[in-house]
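Since this is a predicted model, take the numbers as computed values, not measurements.
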Amino acid sequence: MTAWPVAAQAQGLGGSQLPSLGDGSSMSTSAERRLGERIARELYRDPDYIDDPVLVEYVQSIWQPLLDAARQRGELTDEMDQRYAWEILMGADRTINAFALPGGYLGLHLGLVGVVTSPDELASVLGHELSHVTQRHISRMMESQGRTTPWLIGAMILGALAASKSPDAANAVIVGGQAAAVQNQLNFSRDMEREADRIGYGVMTQAGFDPLGFVSMFEKLQQASRLSDNGSFPYLRTHPLTTERIADMQSRQALDARPAPRPPSAVHSMMAARARVLGSPGVDLLRAWVGEAKMLRPTGPAMDTRAAAVLYAGTLAALRQRDFVQARSLAVRLQALVAPEPAAARLARLLAAEIEWNAGNAEATAALLDLQAPGRPELLLGSQVRTRMGQAPEAIARLQPWVALHPRDGTAWQLLASAYNAQGQTLRAVRAEAEMQVARLDYNGALDRFRAAQDMVRRPPPGSGPVDDIEASIIDTRTRQVQAHLKELAQEK
């Protein structure tokens, strides 16, 4: 089913009878996390789900300071910090939307990343969604359902997610007259929206972002509202703007001391361009972006940020069309333009490496990468390059400590499995495949792979050598943990 929303799941047009503001929910944080997992599991399976290392890293560079600020302000309690996921799942959808889910999961459409003009605007949206979670707005609304079971509420949320793109898919999830009542209760009230504005504003400013980003984002949404939303701005329907909300943010911004103005960011412009190109555009748009980049004639420093965006979009669009000659030509121009700015220059090199990788040239890819760099984009692409070049041990040496620190990185586990297979370490590869399924919340799939690994321990394949007792012990322990988790989930139904 299609699960990336145009009518977002746990937010909306409000007005239902709700408890007073503040944490009045009796639902435990563990139960809320499990409910969020049920929904996030479907998002991971959705074709629109995208784990683009470059964009994920950029979004995380904004998200992590917001989390730190929420901790410092006391908005994020120790219990929530430990029990909630605090993960952002991105969808390759051109609509402008972001949404919060139970248990600290957030959804973010590439369309929103592509339309914001500064990291401050993106921080205002993420800070708002973060505040819906820290104030437990979602769980308190679910409490108002009384006897409705969490799994049914999860199904209703999934139905709301599906409804925008496929009414038939939504009907397969939302069944019976109870659905309308539940879906209506999953709408945030106006008071909750105002509270998320107020706390989100405080979080983003404490994190060092310009409060003007909140105001400019509101103004952008207000303009879209006046032009009559044609479906491209579902955020307007799930977070309806009122003159009171806009005035409140404008007055707060006017009263607060602003940080020094930020210079235009080539990095943000390039990342917004990447989001636009990866957000499922048609071939005509890809060709137009290539054409604009070819015709670009920068006239001076004032053009640098815009030129970087145009060249980045054109280069990536050419790559998406597998026009490697044109992509390389534009990449050279891009690298020359952004060379004075180290962060932007790194992104240009990563894009050039991406071109060579897709062209099948592993050696040229390796030459463009800093294979020892700490960034996730270099780690993931570099691991693939090393495995293809017969350097699987080096890839394993880089990936093992990473997954130890980031066990929910499904992509890293998947690449580690490939490197193990290249080394003939089949048992470790199967376990890594199982851990990848756990990271994507597919516990049934994980249990299947763990059991396959147990079978290999009991009946080693011919020529596989002696079984690693430590690895076998880890597999048994993880199998029992996954079985216990599945039992808990079954008992909730």
> Thinking salt bridges, do Glu37 and Arg34 make one under a 4.0 Å N-O criterion?
Replying inline: no
>> Let's go through Gln481 and Arg478 carefully: what are the C-alpha distance in whole Å and the side-chain angles of both, what is the deciding distance for side-chain hydrogen bond (donor to acceptor under 3.5 Å, both in side chains) to 0.1 Å, and is it a yes or a no?
In response: CA-CA 5 Å; Gln481 290 171 343; Arg478 295 292 287 136; 2.6 Å; yes
> Nearest heavy-atom pair of Ala446 and Val438: which atoms, and what distance?
Replying inline: CB-CG2, 3.5 Å
> Can you check side-chain contact (heavy atoms from CB on, under 4.5 Å) on Asn444 and Asp448, steps first, answer last?
Replying inline: CA-CA 6 Å; Asn444 285 307; Asp448 178 73; over 6 Å; no
> Just wondering, do Thr387 and Asn421 contact through their side chains at under 4.5 Å, heavy atoms?
Replying inline: no
> Looking only at atom types and distance, does a side-chain atom of Arg440 sit under 3.5 Å from a main-chain N or O of Tyr44, one as donor and one as acceptor?
Replying inline: no
>> Taking the side chain as everything from C-beta on, heavy atoms only, tell me whether Tyr312 gets closer than 4.5 Å to Ser269.
In response: no
> Roughly how far, to the nearest 0.5 Å, is CD1 of Ile396 from CG of Leu415?
Replying inline: 11.5 Å
> Parallel, tilted or perpendicular for His109 and Phe99, by the 30°/60° rule?
Replying inline: perpendicular
> Taking NZ, NE, NH1 and NH2 as the nitrogens, is one of them in Arg449 or Glu433 under 4.0 Å from a carboxylate oxygen of the other?
Replying inline: yes
> Looking only at heavy atoms, what is the nearest atom pair of Gly360 and Arg388, with distance?
Replying inline: CA-NH1, 4.1 Å
> Can Asp468 and Gln425 be said to form a side-chain contact (heavy atoms from CB on, under 4.5 Å), step by step?
Replying inline: CA-CA 10 Å; Asp468 185 328; Gln425 299 183 45; over 6 Å; no
> Between Val56 and Val54, is a side-chain contact (heavy atoms from CB on, under 4.5 Å) present by the stated rule, with each step listed?
Replying inline: CA-CA 6 Å; Val56 167; Val54 176; over 6 Å; no
> Nearest 0.5 Å, what's the CG-CG distance between Leu101 and Leu89?
Replying inline: 8.0 Å
> Hey, is the main chain of Leu371 close enough, under 3.5 Å, to the side chain of Arg398 for a donor-acceptor pair?
Replying inline: yes
>> For the CD1 atom on Ile470, are there more than 12 heavy atoms of other groups (residues, nucleotides or ligands in this structure) within a distance under 6.0 Å?
In response: no
> Are any non-hydrogen side-chain atoms of Met271 and Leu347 less than 4.5 angstrom apart?
Replying inline: yes
> Quick one: are Glu75 and Leu130 in side-chain contact, heavy atoms under 4.5 Å?
Replying inline: no
>> Is the shortest side-chain heavy-atom distance between Met436 and Leu416 below 4.5 Å?
In response: no
>> Which heavy atom of Val403 sits nearest to which heavy atom of Ala412, and what is that distance?
In response: CG1-CB, 3.8 Å
> How far does OG1 of Thr134 sit from CG of Leu66, to the nearest 0.5 angstrom?
Replying inline: 11.0 Å
> Roughly how far, to the nearest 0.5 Å, is the CG atom of Leu110 from the CZ atom of Arg274?
Replying inline: 10.0 Å
>> Can you tell me how far apart CZ (Arg73) and CG (Asp68) are? Round to the nearest 0.5 Å.
In response: 13.5 Å
> How far apart are the closest heavy atoms of Pro53 and Leu380, and which atoms are they?
Replying inline: CG-CD1, 3.7 Å
> Do Met80 and Trp86 come within less than 4.5 Å of each other through their side chains, counting heavy atoms only?
Replying inline: yes
> Side chains of Val430 and Ile475: closer than 4.5 Å at any heavy-atom pair?
Replying inline: no
> Would Glu341 and Val267 satisfy side-chain contact (heavy atoms from CB on, under 4.5 Å), going step by step from the backbone distance to the final call?
Replying inline: CA-CA 9 Å; Glu341 186 177 331; Val267 168; 3.7 Å; yes
> Looking only at heavy atoms, what is the nearest atom pair of Val116 and Glu121, with distance?
Replying inline: CA-OE1, 3.4 Å
> Just by modelled atom types, is the Leu311 backbone N or O under 3.5 Å from a matching donor or acceptor in the Thr315 side chain?
Replying inline: yes
>> Nearest 0.5 angstrom please: Arg346 CZ to Asp370 CG, how far?
In response: 9.5 Å
> Taking the six-membered ring for Trp, are Tyr443 and His485 parallel (under 30°), tilted (30 to 60°) or perpendicular (over 60°)?
Replying inline: tilted
> Do we get Arg376 above Trp402's six-membered ring, with its NZ or CZ under 6.0 Å from the centre and within 45° of the axis?
Replying inline: no
> Do you know which two heavy atoms are closest between Tyr49 and Leu43, and how far apart they sit?
Replying inline: CB-O, 3.2 Å
> Mind checking whether His137 and His132 have parallel, tilted or perpendicular rings, split at 30° and 60°?
Replying inline: perpendicular
> Taking the side chain as C-beta and beyond, is there a heavy-atom pair between Arg408 and Trp413 under 4.5 Å?
Replying inline: no
>> For Arg83, is there any backbone N or O sitting under 3.5 Å from a side-chain donor or acceptor partner on Arg33?
In response: yes
> Salt-bridged, Asp455 to Arg458, with N to O below 4.0 Å?
Replying inline: yes
>> I'd like to know if the side chain of Arg276 reaches the main chain of Gly114, judged simply by a donor and an acceptor atom lying under 3.5 Å from each other, with no hydrogens or angles considered.
In response: yes
> Where the side chain of Arg38 meets the backbone of Leu489, is there a donor-acceptor pair that is under 3.5 Å apart?
Replying inline: yes
